[in-house]
Amino acid sequence: RSFFEKLGVTLLINNDEIINTCLDKEKTATCLREFGIRTPKTEVLSTYTGSFGYPVIVKLRKGCGGKLLMKVEDDKDLEYARYKDNGAYIVQEYIGYEKEDYTTGGFANGQTASSISFRRDLGYGGLSIKAELVHEPFLEQMAQNVSREMNLVGCINIQCRREGDIFVPYEINPRIS
């Protein structure tokens with residue numbers, strides 16, 4: 001990075017703080033709440049008391065691509081998730097509907113920020129199998145706010161679910177996805 005800065009070239013690469021925050025889903029949820037953005041209730045699986053009700057999502061705190069994600073429907077599923085837990089899992093409140101899943105790419109250079117949003121159909125493992133370009137002012141404003149609060153110079157991908165008239169981000173990837 002310093003090599004390019006000496007040449008007067010601005011790299012759109014996220015700083016270490018953004019990368020470390022966004023790669024940790026619990027830290028991401030905490031960060032977004034500090035920015036005044038509603039997130040799903042999120043807790044480490046080992047300390048979870050069942051207070052979110054069912055269903056809930058159990059996933060790796062530092063996973064990516066939906067690896068080892070479980071939709072937990074009842075006490076039996078939760079018991080199984082706890083059995084598989086090695087201290088690396090979190091629980092998130094299940095929000096919205098699968099057909100109301102959105103992804104917003106945010107781009108910023110330290111002075112200006114822009115975004116593009118898609119409603120997506122999810123396939124196996126939470127991967128997008130279809131995306132439809134959407135214009136949602138709420139998502140654009142959220143991307144602007146997150147970019148500003150994080151001092152973003154680079155790109156992020158905010159994943160949300162629609163819940164009524166609002167969108168609730170459940171994770172941020174510190175990259176284009």
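We use all heavy atoms of the structure for the numbers below, so side chains are in, but hydrogens, waters and symmetry mates are not.
- A pairwise comparison of heavy atoms in Pro169 and Ile37 identifies CG-CG2, 3.6 Å as the closest pair.
- In this structure, Leu45 is a member of the same hydrophobic cluster as Phe52, with clusters built from ILVMFWY side-chain heavy atoms closer than 4.5 Å.
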- Message: Run Lys62 and Leu60 through side-chain contact (heavy atoms from CB on, under 4.5 Å) and show every step you take.
- Response: CA-CA 5 Å; Lys62 295 185 178 183; Leu60 289 170; 5.9 Å; no

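- Of the inter-residue distances, the one linking Arg38 atom CZ with Met142 atom CE reads 10.5 Å to the nearest 0.5 angstrom.
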- So Asn157 and Arg175, side-chain contact (heavy atoms from CB on, under 4.5 Å) or not? Walk me through it. CA-CA 6 Å; Asn157 172 261; Arg175 58 181 164 74; 5.8 Å; no

- Message: For Thr42 and Glu93: C-alpha separation, side-chain torsions, deciding distance, then whether side-chain contact (heavy atoms from CB on, under 4.5 Å) applies.
- Response: CA-CA 7 Å; Thr42 303; Glu93 167 189 27; over 6 Å; no

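- Of all non-hydrogen atoms in Ile95 and Pro40, the two that sit nearest each other are CD1-CG, 3.7 Å.
- Closest heavy-atom contact between Ser117 and Thr104: OG-OG1, 2.8 Å.
- At least one donor-acceptor pair closer than 3.5 Å links the side chain of Glu43 to the backbone N or O of Tyr48.
- Heavy atoms from other residues, nucleotides or ligands lying under 6.0 Å from OH of Tyr54 number more than 12.
- Classification of the Phe138-Phe167 ring pair by plane angle, with boundaries at 30° and 60°, yields tilted.
- Closest approach of Pro55 to Glu73, counting heavy atoms only: CB-OE1, 3.8 Å.
- With respect to the salt-bridge test (charged N to carboxylate O, under 4.0 angstrom), the residues Glu132 and Lys130 do not qualify.
- A heavy-atom distance below 4.5 Å is found between the side chains of Met150 and Cys22.
- Side chains of Gln159 and Thr103: no donor on one and acceptor on the other come within 3.5 Å.
- Here Glu34 contributes atom CD and Thr39 contributes atom OG1; the two are 10.5 Å apart, rounded to the nearest 0.5 Å.
- The OG atom of Ser2 lies 10.0 Å from the CG atom of Leu7; values are rounded to the nearest 0.5 Å.
- Put simply, the side chain of Asn15 does not reach to within 4.5 Å of the side chain of Val153, judged on heavy atoms.
- In this structure, Asn20 contributes its side chain and Leu23 its backbone to no donor-acceptor pair below 3.5 Å.
- Under the 4.5 Å side-chain heavy-atom criterion for grouping Ile, Leu, Val, Met, Phe, Trp and Tyr, Ile129 is not connected to Tyr97 through any hydrophobic cluster.
- Under a cutoff of 6.0 Å and an axis angle of 45°, Lys84 and Tyr89 do not form a cation-pi pair.
- Residues Val146 and Ile19 are members of separate hydrophobic clusters, defined by side-chain heavy-atom contacts under 4.5 angstrom among Ile, Leu, Val, Met, Phe, Trp and Tyr.
- Of the candidates Arg119, Arg120, Arg162, Asp101 forms a salt bridge (charged side-chain N to carboxylate O under 4.0 Å, His left out) with just one, namely Arg120.
- Test Asp77, Leu78, Val58, Val91 against Met70 for side chain to side chain contact (heavy atoms under 4.5 Å, CB included) and you get one pass: Val58.
- Here the closest non-hydrogen pair linking Phe107 and Cys155 is CD2-CB, 3.9 Å.
- When the side chains of ILVMFWY residues are joined at heavy-atom separations under 4.5 Å, either directly or via intervening members, Ile57 and Val44 end up in two distinct hydrophobic clusters.
- Separating the CD atom in Gln144 from the OG atom in Ser114 is a distance of 7.5 Å, to the nearest 0.5 Å.
- In this structure a side-chain-to-backbone donor-acceptor pair under 3.5 Å is present from Gln92 to Tyr170.
- Without hydrogens or angle criteria, Asn151 side chain to Gly110 main chain gives no donor-acceptor distance under 3.5 Å.
- Each of Val168 and Tyr94 belongs to its own hydrophobic cluster when Ile, Leu, Val, Met, Phe, Trp and Tyr are linked at side-chain heavy-atom distances under 4.5 angstrom.
- The distance from atom OG1 of Thr28 to atom CD1 of Ile18, rounded to the nearest 0.5 Å, is 11.0 Å.
- Applying the side-chain contact (heavy atoms from CB on, under 4.5 Å) criterion to Asp165, with sequence neighbours excluded, gives no partner residue.
- Between Ile116 atom CD1 and Leu139 atom CG the span is 12.0 Å, to the nearest 0.5 Å.
- Between Asn173 and Glu171, the shortest heavy-atom distance links the atoms OD1-OE2, 3.8 Å.
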- Can you check side-chain contact (heavy atoms from CB on, under 4.5 Å) on Glu100 and Glu163, steps first, answer last? CA-CA 8 Å; Glu100 292 289 333; Glu163 194 169 69; over 6 Å; no

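- Residue Phe35 qualifies as enclosed at atom CZ: its count of foreign heavy atoms under 6.0 Å is above 12.
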